[in-house]
Amino acid sequence: MDTVTEAWMRIEDWLRRYAPRSAAVLAPPADPSRIAAAQVTLGLTFPDELVESLRRHDGLIVWANVFPVAPLLSVAQIVEHRQMCMDVAESVDGFTPTDPGAEPWWHERWLPVAEDNGDSQVIDLRPGPGHGRLGRAVHDNGGDFSHAWPSLAAYLTATADALTAGGAVGHWHPYLNADDELWWSLANETTLHGETLRPAPSYQPR
């Protein structure tokens with residue numbers, strides 16, 4: 001498995017080669033002082049892998065479908081989305097699982113790192129064997145770690161592997177749209193707005 005930085009380097013290299021418009025939406029690195037301030041605001045210590053990723057790219061400058069599940073969040077968006085989820089959970093008893101053994105709608109030790117239409121990817125900061133895994137918090141259901149990635153680095157490595165060697169990340173396959181932008185879609189969804197999605201080219205980086 002790659003480190004976070006190694007995975008990012010492979011993703012960046014692929015984007016520069018085949019989808020420069022998508023490469024252009026990657027934000028510059030986050031300022032360390034902003035990362036430190038966010039941890040104080042949330043009362044949570046960010047995992048080293050998340051800090052490493054944010055120091056590479058502070059999310060995206062505009063929405064773009066450049067990651068399989070959801071766009072990565074900036075430091076400011078992490079704070080905003082987590083606080084919003086905490087407020088909603090408090091108002092609807094979302095911290096309490098609806099069924100025995102199920103996940104709650106939200107947990108105070110989940111840290112969102114990506115989000116799309118209210119569904120987020122979260123790093124599980126609860127102590128125990130699942131610490132650091134990357135699961136999902138769905139806006140209209142409970143959390144889901146049934147297909148969790150063991151870490152953020154594992155997820156980024158899988159994304160880099162799918163781009164450079166072909167394949168998928170879970171159910172998501174990489175394509176290029178009509179504007180040569182990276183677009184992740186299901187295997188049987190090969191058109192976008194009436195235009196064909198082309199399978200993303202793969203290559204082995206030097």
Side-chain angles (χ1 to χ4, degrees), residues 1-2 4 6-27 49-50 53-54 56-74 77-78 81 85 103 110 112-124 133-205:
M1 184 179 69
D2 289 347
V4 166
E6 289 169 342
W8 263 120
M9 290 175 66
R10 291 201 290 142
I11 293 168
E12 293 162 357
D13 189 32
W14 188 94
L15 290 174
R16 284 192 295 266
R17 287 170 179 254
Y18 300 112
R21 289 188 177 185
S22 295
V25 307
L26 301 177
E49 288 187 340
L50 176 57
S53 182
L54 291 168
R56 192 82 188 180
H57 295 289
D58 190 17
L60 309 178
I61 60 175
V62 294
W63 186 94
N65 190 13
V66 295
F67 276 90
V69 179
L72 294 178
L73 298 173
S74 67
Q77 290 169 330
I78 289 172
H81 188 70
C85 289
E103 294 288 351
W110 289 350
V113 295
E115 183 269 333
D116 191 33
N117 291 321
D119 297 339
S120 51
Q121 284 181 289
V122 297
I123 296 178
D124 190 359
R133 60 184 173 167
L134 184 65
R136 297 186 68 205
V138 184
H139 76 279
D140 58 355
N141 209 331
D144 183 5
F145 291 89
S146 58
H147 300 287
W149 296 96
S151 66
L152 178 60
Y155 172 69
L156 293 175
T157 297
T159 301
D161 287 345
L163 294 173
T164 60
V169 179
H171 299 297
W172 301 102
H173 295 254
Y175 296 88
L176 290 177
N177 67 16
D179 295 320
D180 287 333
E181 296 166 330
L182 177 59
W183 190 271
W184 294 86
S185 187
L186 301 176
N188 60 346
E189 294 180 351
T190 56
T191 61
L192 179 67
H193 306 312
E195 297 183 316
T196 300
L197 289 171
R198 293 172 285 125
S202 58
Y203 80 107
Q204 291 298 324

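As the structure is a prediction and not an experimental result, all values here were calculated from the model.
Using a 4.5 Å heavy-atom cutoff, the side chains of W110 and I123 are not in contact. At a threshold of 4.5 Å between non-hydrogen side-chain atoms, the residues F67 and Q121 do not count as touching. Counting heavy atoms from C-beta on, the side chains of S151 and V4 never come closer than 4.5 Å.
Judged purely by atom type and a 3.5 angstrom limit, N65 uses its side chain to pair as donor or acceptor with the backbone of W184. Without hydrogens or angle criteria, S22 side chain to L182 main chain gives a donor-acceptor distance under 3.5 Å. Side chain of E195 to main chain of A178: no donor-acceptor pair is present (N/O by atom type, distance under 3.5 Å, no hydrogens or angles). E12 contributes no side-chain N or O that, together with a main-chain N or O of W14, makes up a donor-acceptor pair within less than 3.5 Å. Looking at E49, its side chain does come within 3.5 Å of a backbone N or O of A153 through a donor-acceptor pair. For W183 (side chain) and N177 (main-chain N/O), no donor-acceptor pair under 3.5 Å exists by modelled atom type.
Within 6.0 Å of CG on N117 lie no more than 12 heavy atoms contributed by other residues, nucleotides or ligands.
The line from CD of E189 to OH of Y175 is 8.5 Å long, rounded to the nearest 0.5 Å. Here the CG-OG1 distance, from D13 to T164, works out to 9.5 Å after rounding to the nearest 0.5 Å. Atom CG of D2 and atom CG of L156 lie 9.0 Å apart (nearest 0.5 Å). For the atom pair OG (S146) and CD (E103), the distance works out to 9.5 Å, reported to the nearest 0.5 Å. Atom CD1 of I78 and atom CG of L72 lie 8.5 Å apart (nearest 0.5 Å). Here CE of M9 is found 6.0 Å from CZ of R56. Values are rounded to the nearest 0.5 Å.
Minimum heavy-atom separation, A23 to R16: CB-N, 4.2 Å. Across all their heavy atoms, A165 and S202 have their closest contact at C-CB, 3.8 Å. Contact detail for L73 and L54: the closest heavy-atom pair is O-CD2, 3.9 Å. Listed here is the closest heavy atom pair of Y155 and P68: OH-CD, 3.2 Å. Looking at every heavy atom in both residues, G118 comes nearest to H139 through O-CB, 3.4 Å. Nearest heavy-atom pair, P71 versus W63, reported as atom, atom and distance to 0.1 Å: CG-NE1, 3.3 Å.
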Working for side chain to side chain contact (heavy atoms under 4.5 Å, CB included), residues L26 and L60: CA-CA 5 Å; L26 301 177; L60 309 178; 3.7 Å; yes
Full working for salt bridge (Lys or Arg N to Asp or Glu O under 4.0 Å) between R136 and D144: CA-CA 5 Å; R136 297 186 68 205; D144 183 5; 5.8 Å; no
Steps toward side chain to side chain contact (heavy atoms under 4.5 Å, CB included) verdict (T159, W172): CA-CA 10 Å; T159 301; W172 301 102; over 6 Å; no
Step-by-step side chain to side chain contact (heavy atoms under 4.5 Å, CB included) determination, T157 to R10: CA-CA 9 Å; T157 297; R10 291 201 290 142; 3.9 Å; yes
Check against side chain to side chain contact (heavy atoms under 4.5 Å, CB included), L192 and S185: CA-CA 9 Å; L192 179 67; S185 187; over 6 Å; no
